[in-house]
Amino acid sequence: MEQRRPGTTEGELLEVLSGYPLFRGVPRESLRALIHMGVERKCPAGRFLFLEGDPAEGVYLLLEGYVKVVQTDVSGQEVVAQVAGPGEPLGLIAMFADSPYPASAQAVSPARALWLPGEALRGFLLRHPEVALRLLRVLAERLHETHRRLLEVSILRVERRLARVLVRLASRLGQRTEEGIAVAMPLSREELAELCGTRLHTVSRLLNRWQRAGWVRLGRRRIVLREPHALVALAEELEPREPPLALTGRKVGEGKTVDDRRGTRPGRTG
Amino acid sequence: MIREDWSIEELLARYPRSREVLIRWGMWCPVCALAGLETLADAARVYGIDIETLIRELEEQEGGGSSR
């Protein structure tokens, strides 16, 4: 892994960090000091930023690319715990728990990160408690997502789990395009299957079905949600709400459902 | 003036009372995870609602009934 990319100036890094919600309102001098204490690292696709069990001496702030956080069981089976994109920190649990990294972080596309030594970051957080609170929020959201996934793996049908994973990825990492919401990360179908706790062939079958229905367009390690609402409705099992008579002139019960308007919903998979 | 190319999130941030109108129309947009990426026009299309009518109602809710 390379360190200190010569092409990136301190000024460029300062601009990038200033744009992250995490550092909103932090004086530029403080950010500059933090950058001085950090080390910029590049990581080619497939390589690891850190490995499970490594001593955690700092936190990575992702600047470019996407990284999956994976845990491996004794049989070698890999489980994707999280996917992170630009602006997101990695290694927080280990830093705050003062323990080795509980999982490995593998780049799924060429990635660039700013490594911040734990001591330096702790000092920075004490001087800028608003950033500490935002990091707490990041951790709380990740914990919440973990709880949701536990529930989903336990009780939800796989098609709902997959729809939820796609909607969550789109809400965090998606970009609006002419065609729909593009999940602009190089996520393989295997990785999608790992994210929703199922097998590759099940994910492929569902995605192909949704593509035939016009809900998604599958690209090479890229997915465009062409009918995001259909996926949200499936993910959350939304019941169509009836608009009041005064607004539509329709009688209650006459309102079309979302599925009616879109045609038949693609078949279910258990 | 409310615009059809605003995201739902932007609409709700600028005009929080819009939530009531969307819910009255039977729309789930205020609680949608993709509210930041879907526009008012997208939502109207999905729910089969005339965008002009919807925007007029949203503007009336804000009290001005401002002309578009």
Side-chain angles (χ1 to χ4, degrees), chain A residues 21 141 144-145 148 160 163-184 214-216 224-250 252-263, chain B:
Chain A
E141 284 171 352
H144 189 202
E145 182 169 337
R148 275 199 311 247
R160 282 192 67 195
R164 283 185 168 207
V165 165
L166 289 182
V167 168
R168 277 208 296 272
L169 283 173
S171 71
R172 281 178 43 221
L173 306 171
Q175 292 177 332
R176 198 180 160 78
T177 67
E178 285 291 310
E179 196 186 359
I181 298 172
V183 182
W215 288 13
V216 299
V224 180
L225 310 189
R226 299 179 63 201
E227 293 290 354
H229 182 86
L231 286 169
V232 172
L234 173 60
E236 304 303 331
E237 288 201 326
L238 297 184
E239 294 296 329
R241 282 178 166 162
E242 288 290 351
L245 301 180
L247 283 172
T248 63
R250 274 190 255 160
V252 172
E254 279 184 349
K256 289 182 177 177
T257 66
V258 171
D259 290 343
D260 290 339
R261 284 192 290 270
R262 304 196 161 284
Chain B
M1 190 174 75
I2 293 171
R3 291 173 41 159
E4 66 177 58
D5 62 350
W6 284 359
S7 71
I8 299 294
E9 194 172 84
E10 184 176 4
L11 171 73
L12 294 171
R14 291 186 187 212
Y15 300 109
R17 290 172 63 206
S18 292
R19 181 186 176 88
E20 296 167 33
V21 175
L22 299 180
I23 289 173
R24 281 211 307 272
W25 273 100
M27 302 166 84
W28 288 94
C29 307
V31 293
C32 178
L34 300 177
L37 293 164
E38 287 277 84
T39 65
L40 195 52
D42 293 332
R45 177 183 62 81
V46 161
Y47 283 92
I49 298 168
D50 175 59
I51 184 68
E52 302 277 329
T53 308
L54 180 59
I55 288 179
R56 193 165 52 245
E57 294 238 0
L58 288 166
E59 290 182 341
E60 284 170 5
Q61 172 80 6
E62 291 308 314
S66 59
S67 59
R68 298 178 61 243

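The chains referred to below are lettered A, B, ... by the order of the sequence lines, with proteins before strands, and numbering in each begins at 1. No experiment lies behind these values; they were computed from the predicted model shown.
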Quiz prompt | Heavy-atom closest pair, residues B:P30 and B:I23 | solution =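 So the minimum-distance heavy-atom pair works out to CG-CG1, 4.2 Å.
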Quiz item: What are the two closest heavy atoms between B:L12 and B:R19, and how far apart are they?
Solution: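 That closest heavy-atom pairing would be CD2-N, 3.6 Å.
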Exercise. Identify which part of B:S7 has an atom lying under 4.5 Å from any heavy atom of chain A, answering side chain, backbone, both or neither.
Key: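 B:S7 has no heavy atom closer than 4.5 Å to chain A.
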Practice problem: Using non-hydrogen atoms and a 4.5 Å limit, figure out which bit of B:D50 sits close to chain A: side chain, backbone, both or neither. | Solution: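 Contact with chain A involves no heavy atom of B:D50 at all.
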Quiz item: Parallel, tilted or perpendicular: which describes the rings of B:W6 and B:Y15, with under 30° parallel and over 60° perpendicular?
Solution: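 Correct class here is parallel.
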Quiz item: Between the side chain of A:R226 and the main-chain N/O of A:G180, is any donor-acceptor distance below 3.5 Å?
Solution: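 Such a contact is absent between A:R226 side chain and A:G180 backbone.
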Quiz item: Which region of A:V167, side chain (C-beta onward) or backbone (N, CA, C, O), has a non-hydrogen atom less than 4.5 Å from a non-hydrogen atom of chain B, or is it both or neither?
Solution: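 Both parts, heavy atoms under 4.5 Å.
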